[in-house]
Amino acid sequence: MIVTKLIGGLGNQMFQYAAGKALADFHQTSLFLDLSAYKAEPNVAYTNRNYELGIFNLQALQASQSELDYFLKENNKLQRIIARYFPKTQKKMVLNEYGHLFYDEFFNCPKDTYLNGFWQCEKYFSSIRPSLLKDFTIKDVIPEKILEIQNKIKSSAAVSIHVRRGDYVNLKSASDFHGACSLNYYEKAHAFLKDKFENFNLFIFSDDIAWCKQNFSFQNMHFIEQQHGPHWDMFLMSFCNHNIIANSSFSWWGAWLNENENKSVVLPDFWFRNVKTESLGIKPDNWILIEEKDNLFD
């Protein structure tokens, strides 16, 4: 069995599920989810999160305490180090993610593996993209208002802009680590697509639409108010022709789920404060960086 530990919000959970499913499918075994992080007391320094994958049409079992103990009870640091460098020699292992780049030995891990990390690199799961596109469809009937916006997007040359603010602005730990993309970034990203495609409609998604209304001055803008839950924003972003994303895993998935074969996806040059996106594994090869010498953060 493969067990993947879920931490963080919806976008992070999707990365963790996708990597776990890819390894489980590779070994033709079952995938289990470790939800223990959501049962712990919340840390006031971090954004409080809950299990969110239940909105999707995916099949995954919750790991029991005995299944978690099988991996974690007698595991020690030396065992983890040996397993990381020699995964083929292991009958079972705990794989802790070190750094952000793709772990080359990932598919050499045994069929009994516990995954602890973010796994924010499509190389872990690009081989099962068709399956993930099905898994990450939303269970609920599409609300009428969402259906209206979807039809408007599909009937036009549509570009999504996602603006992540919220805890990136209001929570010190998140602001210090992540930082919110600046207005300058969005202006440069818009100008880049404008040079390529000339006329398009902008559909703007954010957890702070008021900020967007006050600061954006682009033409043909449609501000999408969150009326039925943020997962519908991800759903709608995936139907746009092209995507301008924030330094956010939620944003990333809105673009990755976009099935337009000719899409242009634009992302910031810095994913974290002082950390270049290109130095991480998160950028798919054909996505486009907006480069600047300095951080593109407020």
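What you are looking at is a predicted structure, and each value in this text was computed from that prediction instead of being measured. The figures here come from the full heavy-atom set of this structure, side chains too, leaving out hydrogens, waters and symmetry mates.
There is no path of hydrophobic side-chain contacts, each under 4.5 Å, that joins Ile7 to Leu53. Residues Ile146 and Ile55 share a single hydrophobic cluster, defined by chaining ILVMFWY side chains whose heavy atoms lie under 4.5 Å apart.
Cation-pi contact between Lys111 and Phe26: absent, since separation from the ring centre below 6.0 Å together with deviation from the ring axis within 45° is not met.
Hydrophobic cluster membership for Leu72: Met1, Val3, Phe32, Leu61, Leu68, Tyr70, Phe71, Val94, Tyr114 (Ile, Leu, Val, Met, Phe, Trp, Tyr linked by side-chain heavy atoms under 4.5 Å, directly or transitively).
Taking the six-membered ring where tryptophan is involved, the planes of Trp256 and Trp252 are essentially parallel, since the angle between them stays under 30° and well short of 60°. Aromatic ring pairs are classed by plane angle as parallel below 30°, tilted from 30° to 60° and perpendicular above 60°; the pair Phe272 and His100 is tilted. Between Trp211 and Phe216, the ring planes are perpendicular. Angles over 60° get that label, and only those under 30° would be called parallel. Ring geometry for Phe250 against His162 counts as tilted: the plane angle lies between 30° and 60°, on a 0 to 90° scale.
For the 3.5 Å distance criterion, the side chains of Asn12 and Gln120 qualify, holding a donor opposite an acceptor.
Within the 4.5 Å cutoff, the side chain of Ser264 has heavy atoms near those of the His242 side chain. By the 4.5 Å heavy-atom criterion applied to side chains, Trp287 and Asn243 are not counted as neighbours. Residues Leu202 and Val159 form a side-chain contact, since some pair of their non-hydrogen atoms from C-beta on lies under 4.5 Å apart. Residues Leu10 and Met234 have side chains in contact (heavy-atom distance under 4.5 Å, counting atoms from C-beta outward).
The residue from Phe125, Tyr124, Phe102 that alone fulfils the ring-ring contact (aromatic ring centres under 6.0 Å, His included) condition with Trp119 is Tyr124.
Among residues two or more places apart in sequence or in another chain, the side-chain contact (heavy atoms from CB on, under 4.5 Å) test is passed with Gln150 by Ile142, Leu147, Lys154, Phe235, Leu236, Phe239.
Here the side chain of Ser206 pairs a donor or acceptor atom with the backbone of Val163 at under 3.5 angstrom. Thr113 places no side-chain N or O within 3.5 Å of a backbone atom of Ile2 that could act as its donor or acceptor partner.
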* Check against salt bridge (Lys or Arg N to Asp or Glu O under 4.0 Å), Lys5 and Glu97 -> CA-CA 11 Å; Lys5 183 177 182 179; Glu97 185 180 36; over 6 Å; no
